[in-house]
Amino acid sequence: MNTRNIFFILGFLFLDGLLQCMALRKTYDFVLQETNFTRLCSTKSMLTVNGKFPGPTIKARKGDTIFVNVHNQGNYGVTIHWHGVNQPRNPWSDGPENVTQCPIKPGTKFTYEVIFSAEEGTLWWHAHSDWTRLSVHGAIIILPGPGKSYPFPKPFKQETIVLGSWYKQDVPEMLTNVLKGVIPNVSDAYTINGQPGDLYNCSNDSTYRLKVKFGKTYLLRIINAVMNEENFFGIANHTLTVVGQDGAYIKPITTDYILITPGQTMDVLFTANQNLSHYYMAASPFFDSVVAFDNTTTTAIVQYYDGKYTPPPTPFFPNLPFYNDINAAINFTNRVKSLATDAYPANVPKNITTQLFITVALNRILCPNNSCLSPTGDGPLDNKQSSSLNNVSFATPQVSILDAYYRGLSNVFVGDFPSQPPNFYNFTGDVSGVSLFTESGTKARFINYGEAVEIVFQGSNLQFAETHPLHLHGYSFFVVGTGFGNFNNETDPLSYNLVDPPELNTVNVPRSGWVAIRFFANNPGVWFMHCHLERHATWGMDTVLIVRNGQSEDQKIRPPPANMPSCS
């Protein structure tokens, strides 16, 4: 064979291999742009992905890696977070603004590499810049790996149900005043798949409808993208079976309703086994505090499509718990357990080597030169609303903490976030003598690779007690215990569930109570930890965990991609 033919064959084989690699690379294109929407009798413009609300769904199989090209054609910088995707060794694509990256500037693009590992089920993606996640979010569906199946009978069909919030006003404009001290408005409506439902004005014709066939079982992938409230959810006359939460399977729970908090996802089965008719699915708030909240109900219609029948004038309505029914909330969350089988083990840390005790509080913070507005926006004040973890109100830096850590830059953050609060008091009792004031700081907590970590989040009664959904980036964790009152480090651990605790990425700290989580620090990187109530995160209820590199190369942060957005 002559040299020319050899080079031709080698070239052909190289090109064939390259084309196969390109074919296997799954890529999505997200175009951020302003889009007009009409809801509740009025029209507004808001930032979306590909002109959709909610945005497009990402589909993958367990263990896949996908690439998302984000083209920012909007008016301001934005980042995207892949909520619940652990991104092994790859914090560069995790997304929180000025924590792991700087914003994607208008007129530019950035390609995220999204690495799936142990996650399976339903997760979601959302913007992670200020309040842009209000309209920039969508579902992530992670199917079982090749040749694998669900740990439950295969459903006839699956549908994604995204719970959201709707504001008539311009939210970026509202946020400008919130940062100066004004209390944010509550939303005007909740939505199901972008639609408020026919209990709201001007919403009857656009109500989302789920058409079902009698006798068939459906898998609902439910996502709570609501900004500031938890939600009860149910379908009239139909029993729900919860089989997954936060990208992990659980022991099936049969129930008439679920409680789902902002940031959480659930996989829920239901069988269309009732009389042929129309039935409401509905979501209403669970809210156990004294501040203002959106006390409305969003609906969609489950509509049987096989057979002839006359639909009722009004669909049947589910019997959801009252908005402050704490017993209903506890009764549901206490039933959630990991599947804990050979195929889906619960590898719960037993011998803890790093312990953190973190108080969660609502505070006040001083404003220099009376530079803040009153809560109603009608005058200057010398202090404003704040929030904290261990009495530190997080101050977002102007450059990326991850970049500063990776390159050894100084004057961006300090690594002295405390392992416990500076002052101990009766956190859930009478706090009238405790100072409300906190100080801001950009603090992180270093954790050595491989540590077995326990974090106890302790709620407090400062200002007003409230539940707090805490989300940790880069990890799923086991919720080993929860309770009301002050955590007792001698007696409360005796009741921990170390056999089949739920594995979550977002957990509720109960009002005037505590929750304990455990995980192995086996994912090096800079990982954000924050309340998923947007107003609390804006006020500073955030911090950063930095897991140091391990010894081997596969225990170290990957190098940054070449096209990271600049902070200049």
Side-chain angles (χ1 to χ4, degrees), residues 27-59 66-83 93 95-97 101 103-112 114 122-141 159-176 184-185 187-197 200 202-203 206-208 221-228 262-263 265 298 300 532 534 565:
T27 302
Y28 290 83
D29 285 295
F30 280 13
V31 179
L32 289 160
Q33 59 193 29
E34 290 287 327
T35 309
N36 287 334
F37 288 87
T38 300
R39 301 283 189 275
L40 308 183
C41 316
S42 63
T43 299
K44 64 177 288 187
S45 176
M46 62 186 189
L47 193 67
T48 64
V49 169
N50 299 351
K52 298 179 179 180
F53 172 68
T57 295
I58 285 176
K59 293 184 179 179
I66 65 167
F67 297 85
V68 184
N69 302 316
V70 177
H71 307 262
N72 189 359
Q73 298 179 4
N75 300 325
Y76 40 85
V78 180
T79 64
I80 305 293
H81 170 53
W82 318 95
H83 187 113
S93 283
E97 182 175 315
Q101 70 167 99
I104 306 167
K105 296 181 178 67
T108 67
K109 73 172 184 177
F110 175 60
T111 298
Y112 288 92
V114 185
T122 306
L123 295 172
W124 64 305
W125 58 265
H126 60 81
H128 216 301
S129 301
D130 296 326
W131 285 40
T132 46
R133 78 168 178 87
L134 169 72
S135 55
V136 179
H137 60 253
I140 300 175
I141 295 175
E159 298 288 339
T160 301
I161 302 295
V162 181
L163 308 180
S165 301
W166 186 266
Y167 288 78
K168 287 185 178 181
Q169 69 186 125
D170 181 80
V171 171
E173 182 179 290
M174 178 186 74
L175 184 61
T176 299
N185 291 356
S187 56
D188 296 289
Y190 300 110
T191 58
I192 294 177
N193 288 354
Q195 298 294 340
Y200 298 94
C202 304
S203 302
S206 60
T207 298
Y208 174 74
R221 299 181 177 275
I222 304 174
I223 297 163
N224 191 335
V226 171
M227 298 297 280
N228 287 306
T265 60
T298 179
H532 225 278
E534 210 63 24

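Below, each value reflects all heavy atoms present in this structure, side chains not excepted, and no hydrogens, waters or symmetry copies. For clarity, every value in this text was computed on a predicted model and none was experimentally measured.
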- Query: Do F67 and Y28 have side-chain heavy atoms sitting under 4.5 Å apart?
  - Reply: no
- Query: Taking side chain as C-beta onward, heavy atoms only, is T48 less than 4.5 Å from Q33?
  - Reply: yes
- Message: Could you report the tightest heavy-atom contact between G197 and S203, atom names first, then the distance?
- Response: O-CB, 3.1 Å
- Task: Go through the side-chain N and O atoms of N69 and T111 and say whether any donor and acceptor fall under 3.5 Å apart.
- Result: yes
- Does the side chain of I141 reach to within under 4.5 Å of the side chain of T57, using non-hydrogen atoms? yes
- Do E159 and R221 meet the salt-bridge criterion of a basic N to acidic O distance under 4.0 Å? no
- Query: With a cut-off of 6.0 Å (strictly less than), are more than 12 heavy atoms of other residues, nucleotides or ligands near NZ of K44?
  - Reply: yes
- Item | Shortest non-hydrogen contact between Y200 and D188, atoms and distance | CE2-O, 3.8 Å
- From the list H81, E534, H126, side-chain hydrogen bond (donor to acceptor under 3.5 Å, both in side chains) partner of R133 resolves to E534
- Tightest non-hydrogen contact, residues P184 and W131, listed as CB-CH2, 3.8 Å
- Verify whether one side chain among Q195 and T207 offers a donor that lies under 3.5 Å from an acceptor in the other. no
- Check whether the ring centres of H137 and H83 lie less than 6.0 Å apart, and answer yes or no. no
- If you take all heavy atoms of G77 and P106, which pair is closest and at what distance? N-CD, 3.9 Å
- Over all atoms of both residues, closest heavy-atom pair of A127 and V78: CB-CG1, 3.9 Å
- Which one of V162, L47, T191 satisfies the side chain to side chain contact (heavy atoms under 4.5 Å, CB included) criterion with F53? T191
- Query: So, for W125 and Y112, is the gap between ring centers shorter than 6.0 Å?
  - Reply: no
- Modelled atom types, side-chain donor and acceptor of S45 and E34, under 3.5 Å: yes
- For the residue pair S129 and T79, confirm or rule out a side-chain donor-acceptor distance under 3.5 Å. yes
- Query: Any side-chain donor-acceptor pair under 3.5 Å between T265 and T122?
  - Reply: no
